[in-house]
Amino acid sequence: MALSFKSRLKYNLYLWYFGLTKVRLINYCRPQIVNVTDTGITLLIPLNRRTKNHVGSMYIGVMTVGVDLVTGLTAMLKIRESKRNVILIFKDLKANFLKRAEGDVHYICNESKKIAEAVDETLQTGERVNIPIPVVATVPEKFGDEPVAEFSITLSLKEK
C-alpha cells in the first residue's frame, strides 16, 4: 500500500527535525522516507554532489547513514508507540557491497515485527536486548529490486 502524501510528509518532517536537533549529518545527506508499512520502512538517499564519491557512486559513509536511519527510524516509531523511554544504539555493522551504487539508493528494512518484539522484551525484562537487523540497499532506476549492498546491523535497546 502506498503511503499518502500527508503521511509521508509527517514522517519526513520527523526525520528532518531529528536530524536538525540531534544528528546534523542526517540532514546533510537529504534522506527521504519513501514508504512505511506494517512490515517495514523504505528510505531513500539521493545520489548527488554531497553523497557521491570520486568514482561517481555513493560514498560508503553515506550508505552507513542510510542503514542507521532506516533501522533506527523503524525502532523509534515502535518506541514512540510504547510511550516509554527506551534508548537505542547500534552495536555493530556488517556490510556486503555487491555493485556500485550509481543512483539514488533505497534502504529497505522489513523487520518491524522483530523490532517491536525486541522493544516489548526490553520493556518487560528491563534488560538490554540486542538483535541483528538485515537491511537491503537497492538502486531501482539502474538495477530494479536487485541489491547493490546487504547489511546486518545490531540494534541494542534498553529502557532508561
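Bear in mind that the values here come from a model prediction, so they are computed numbers and not experimental data.
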Do Val23 and Ile33 share a hydrophobic cluster, counting only Ile, Leu, Val, Met, Phe, Trp and Tyr and linking them when any side-chain heavy atoms are less than 4.5 Å apart? yes
Carboxylate-amine/guanidinium proximity below 4.0 Å for Glu102 and Lys142: yes
Between Ile79 and Arg84, the two heavy atoms sitting closest are CG2-O, 3.7 Å
Closest non-hydrogen atom pair between Leu47 and Thr51, with its separation: CA-OG1, 3.3 Å
Measure from NZ or CZ of Arg50 to the centre of the six-membered ring of Tyr59 and say whether it is under 6.0 Å with the direction within 45° of the ring axis. no
Starting at CD1 of Ile89, measure out to OG of Ser156 and round the result to the nearest 0.5 Å. 4.5 Å
Single-linkage hydrophobic cluster, 4.5 Å side-chain cutoff, Leu98 and Val105 together: no
Quick check on the hydrophobic clustering: are Leu20 and Tyr28 connected, directly or via other members, by side-chain heavy-atom contacts under 4.5 Å? no
If Ile, Leu, Val, Met, Phe, Trp and Tyr residues are connected whenever their side-chain heavy atoms lie under 4.5 Å apart, and connections chain through other members, are Ile41 and Leu44 in the same group? no
I would like to know whether Asn130 and Thr154 meet side-chain hydrogen bond (donor to acceptor under 3.5 Å, both in side chains); could you show each step before the answer? CA-CA 6 Å; Asn130 298 311; Thr154 301; over 6 Å; no
Do Val34 and Leu43 come within less than 4.5 Å of each other through their side chains, counting heavy atoms only? no
Single-linkage hydrophobic cluster Phe143~Val136, side-chain heavy atoms < 4.5 angstrom: no
Can you confirm whether Ile60 is buried at CD1, in the sense that more than 12 heavy atoms of other residues, nucleotides or ligands lie under 6.0 Å from that atom? no
Of Met58, Arg30, His106, Gln32, which meets side-chain contact (heavy atoms from CB on, under 4.5 Å) against Ile45? Met58
CD1 on Ile108 to CG on Asn110, rounded to 0.5 Å: 7.0 Å
Any non-hydrogen side-chain atom of Arg100 less than 4.5 Å from a side-chain atom of Val148? no
Answer whether the closest heavy-atom distance between the side chains of Lys99 and Glu146 falls below 4.5 Å. yes
In terms of heavy-atom contacts, Asp68 and Ile153 come closest through CA-CD1, 4.4 Å
Is it true that Lys94 and Glu150 have a side-chain N and a carboxylate O under 4.0 angstrom from each other? no
Is there side-chain contact between Leu93 and Val67, with at least one heavy-atom pair below 4.5 Å? yes
How long is the straight-line distance from CG of Asp92 back to OG of Ser152, given to the nearest 0.5 Å? 7.0 Å
Heavy-atom nearest pair, Ala149 first then Met63, reads CB-CE, 4.0 Å
Can you tell me if Lys158 uses its side chain to pair, donor with acceptor, with the backbone of Gly126 under 3.5 Å? yes
Please tell me if the side chains of Val65 and Pro31 come closer than 4.5 Å, counting only heavy atoms from C-beta onward. no
Side-chain heavy atoms of Thr42 within contact of Tyr107, under 4.5 Å: no
Ser112 to Thr74 - nearest heavy-atom pair and separation: OG-CG2, 3.5 Å
Parallel, tilted or perpendicular: which one describes the rings of Phe151 and Phe97, with boundaries at 30° and 60°? perpendicular
Has Asp145 got more than 12 heavy atoms of other residues, nucleotides or ligands less than 6.0 Å from its CG? no
How long is the gap from NZ on Lys78 to CD on Glu111, to the nearest 0.5 Å? 12.0 Å
Under 3.5 Å, is there a donor-acceptor pair between the Thr122 and Arg128 side chains? no
Rounding to 0.5 Å, atoms OH (Tyr11) and CG (Leu73) come to a distance of 8.5 Å
Give a yes or no on this: more than 12 heavy atoms of other residues, nucleotides or ligands lie within 6.0 Å of atom CG of Asp38. no
Flag the pair Leu69 / Ile26 as yes when at least one side-chain heavy-atom distance between them is below 4.5 Å, and no otherwise. yes
For residues Leu15 and Asn27, report the shortest heavy-atom separation together with the two atoms involved. O-OD1, 4.3 Å
Do Lys22 and Tyr17 make a side-chain contact, defined as non-hydrogen atoms from C-beta onward lying under 4.5 Å apart? no
Give, for atom CD1 of Ile133 and atom CZ of Phe90, the distance between the pair rounded to the nearest 0.5 Å. 9.0 Å
